[in-house]
**Student:** 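Here it is, the structure, as structure tokens.
Not measured: the values here are computed from a predicted model. Residues take their numbers from the sequence shown, with the count starting at 1.
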Amino acid sequence: MSSRRAMLYGVSAANFIGPFTQTIYVPSILDLKSYFGVSLFLINITISVFSAIFATGNFLWGPLADTRGRKSVLMPGLLMFIAGTVVCLLSTGYLQFFGGRLIQAIGASAASVVAAAVIADIYRPEERGQALSTYQAILYLGPVLGPVIGGIISAYLHWQWTFVLLTLISVTIFLYNRAVMVETLSKETKPTQITCKTVKTIMLNKSALAINLFGFSQFYGYYIFLVFLPVLLTNLFNVSRVAQVFFFIPLTVGILVGTILGGKIQRVWKKTRIINLTSYAIGIDILLLWVALITNSLNISTLLGFLFIYGIFLGCSLPSHATILVNIFEEEKATAIGVYNFIRFMGCALGPIIGGLIAEWIGTEGVFGSLGIVLLCSGVIIHKYAKDPYEYGLGKQGVL
């Protein structure tokens with residue numbers, strides 16, 4: 001294996017930790033409630049706070065990675081995550097556990113910034129799409145595998161085994177990256193101060209803003225699926241909790257196939273064309289699912305089809321997001337990815353909350369109908385504003 005490929009797998013695995021940790025202990029929520037003797041609300045707070053801190057931490061690590069170096073940010077971040085995981089594992093009280101979750105979130109967010117920046121450092125612009133498709137595929141395994149593995153642990157083992165597994169995985173990833181990773185921030189790069197003005201410039205860039213909003217809507221939608229798919233399966237088809245985890249398989253397979261296709265398609269199609277087409281396709285897929293729901297024509301076979309198609313188009317679009325962003329902001333890659341991650345992971349945090357309010361107001365069908373509208377609107381914004389400087393021969397200027 002080439003050193004470049006080894007680093008790609010290493011930083012992608014490090015980035016997998018955050019989404020995986022967000023979801024793996026969700027099936028053990030009731031066990032945690034009983035163990036710590038607190039309300040379900042307080043246990044749920046540890047999930048929401050993790051998402052919020054994980055998203056906000058990108059603003060800390062992004063500028064540091066652009067000024068201090070990629071490896072010098074990733075390795076301390078991984079150590080911090082390991083420390084937080086051990087605190088959770090050994091906790092005997094709720095406040096200890098809550099503190100461990102905070103430390104976990106801050107540490108995990110370092111990898112979410114560094115991974116895409118390292119890939120952009122070591123791959124040429126024309127190669128980045130395929131490399132980032134691998135990165136995105138590994139990233140999306142986190143929120144899908146988390147509930148499945150967590151459900152198995154919850155059914156057969158004590159909740160602490162969740163954090164034993166997380167400790168073993170994170171230590172392995174730390175040791176692997178320590179062995180294969182070299183500093184990829186060019187020595188010729190003169191350290192510059194990343195200020196609020198820099199972040200403001202990134203956030204107000206029209207192309208970046210369109211991609212960030214699209215990333216938000218996609219993660220918002222994905223976490224709505226994670227929360228409300230079990231509701232559909234229970235209410236419509238009376239599927240058992242154990243069997244429900246297998247319905248995430250077509251979604252996962254679709255995303256994996258889509259990310260591979262997305263990387264390959266970038267060789268022949270413009271990245272903006274890919275995200276234009278996939279953004280509309282995703283919105284239409286969800287609206288058709290909504291139509292099937294309100295007309296009582298949805299069955300298990302068509303639901304599996306909608307999930308697979310959703311995964312395919314979602315996966316196809318993902319590599320283009322990060323590729324365009326790092327092409328626009330060559331000198332502030334990590335900061336740009338940090339802003340992107342913050343916005344899309346806020347979609348993770350808000351999806352279940354907003355979806356829950358909509359479900360109470362107009363029912364589960366309304367959750368998917370409104371999601372389809374949100375995705376189509378973000379597609380219109382992408383179509384109008386998203387531009388890749390390399391498609392216009394601007395190279396590193398990043399002025400679009």
Side-chain angles (χ1 to χ4, degrees), residues 23 26-27 44 47 140 143-144 146-148 151 213-258 276-318 344 346-383:
T23 56
V26 171
N44 286 339
I47 300 174
Y140 263 86
V144 174
V148 176
L213 290 176
F214 189 43
F216 173 90
S217 68
Q218 286 191 329
F219 267 52
Y220 168 85
Y222 188 70
Y223 273 74
I224 277 182
F225 262 103
L226 291 181
V227 171
F228 288 96
L229 179 57
V231 176
L232 286 183
L233 294 172
T234 300
N235 294 344
L236 296 182
F237 308 115
N238 198 29
V239 178
S240 68
R241 288 182 61 188
V242 175
Q244 286 176 10
V245 298
F246 297 103
F247 281 80
F248 289 100
I249 292 176
L251 181 60
T252 306
V253 172
I255 290 172
L256 293 176
V257 172
N276 287 342
L277 292 176
T278 54
S279 62
Y280 288 127
I282 292 169
I284 292 170
D285 180 69
I286 300 303
L287 285 178
L288 289 176
L289 170 60
W290 171 70
V291 170
L293 281 171
I294 62 175
T295 57
N296 296 317
S297 59
L298 184 69
N299 56 45
I300 288 180
S301 297
T302 55
L303 176 59
L304 292 174
F306 282 127
L307 290 173
F308 182 70
I309 292 170
Y310 176 78
I312 284 279
F313 286 116
L314 178 61
C316 274
S317 73
L318 290 172
R344 65 175 180 167
M346 287 307 295
C348 300
L350 293 176
I353 296 172
I354 296 175
L357 293 174
I358 294 173
E360 289 185 3
W361 180 35
I362 54 177
T364 304
E365 294 86 353
V367 174
F368 290 96
S370 62
L371 173 60
I373 294 171
V374 167
L375 290 169
L376 278 182
C377 289
S378 66
V380 172
I381 295 172
I382 278 283
H383 193 177

**Student:** So, taking the atom named CG in L289 and the one named CG in L232, what distance separates them when rounded to the nearest 0.5 Å?
**Tutor:** 7.0 Å
**Student:** List the steps, then state whether side chain to side chain contact (heavy atoms under 4.5 Å, CB included) holds for L375 with Y220.
**Tutor:** CA-CA 10 Å; L375 290 169; Y220 168 85; over 6 Å; no
**Student:** Going by atom type alone, with no hydrogens or angles, which donor-acceptor pairs under 3.5 Å involve a side-chain atom of residues 346-357 and a protein atom two or more places apart or on another chain?
**Tutor:**
none

**Student:** With sequence neighbours excluded, tell me which residues meet ring-ring contact (aromatic ring centres under 6.0 Å, His included) with F368.
**Tutor:** F225
**Student:** Can you give me the closest heavy-atom contact between S217 and L371, atom names plus distance?
**Tutor:** O-CD1, 4.5 Å
**Student:** For L213, give me all partners under side-chain contact (heavy atoms from CB on, under 4.5 Å), at least two apart in sequence or on another chain.
**Tutor:** L209, I381
**Student:** Roughly how far, to the nearest 0.5 Å, is CD1 of I284 from CD1 of I286?
**Tutor:** 11.0 Å
**Student:** Quick check: closest heavy atoms across V367 and I224, and the distance to 0.1 Å?
**Tutor:** CG1-CG2, 3.6 Å
**Student:** List the atom pairs, with distances to 0.1 Å, where a side-chain N or O of residues 301-318 and a protein N or O form a donor-acceptor pair under 3.5 Å, not counting sequence neighbours.
**Tutor:**
{"unit_1": "T302", "atom_1": "OG1", "unit_2": "N299", "atom_2": "N", "d": "3.0"}
{"unit_1": "T302", "atom_1": "OG1", "unit_2": "N299", "atom_2": "O", "d": "2.9"}
{"unit_1": "T302", "atom_1": "OG1", "unit_2": "N299", "atom_2": "OD1", "d": "3.0"}
{"unit_1": "Y310", "atom_1": "OH", "unit_2": "Y222", "atom_2": "N", "d": "3.4"}
{"unit_1": "S317", "atom_1": "OG", "unit_2": "Q218", "atom_2": "NE2", "d": "2.9"}
{"unit_1": "S317", "atom_1": "OG", "unit_2": "L314", "atom_2": "O", "d": "3.0"}

**Student:** Can you list everything that forms a side chain to side chain donor-acceptor pair (under 3.5 Å) with T278? Sequence neighbours excluded, please.
**Tutor:** none
**Student:** side-chain contact (heavy atoms from CB on, under 4.5 Å) with V291: which residues, sequence neighbours excluded?
**Tutor:** T295
**Student:** Among residues at least two apart in sequence or on other chains, which ones pass side chain to side chain donor-acceptor pair (under 3.5 Å) with S279?
**Tutor:** none
**Student:** I need the I282 CD1 to L376 CG distance, nearest 0.5 Å.
**Tutor:** 10.0 Å
**Student:** Going from OH on Y280 to OG on S378, what distance comes out if it is rounded to the nearest 0.5 angstrom?
**Tutor:** 9.5 Å
**Student:** My understanding is that only residues two or more places apart in sequence, or in another chain, count here; which of them pass side-chain contact (heavy atoms from CB on, under 4.5 Å) with I294?
**Tutor:** W290, E365
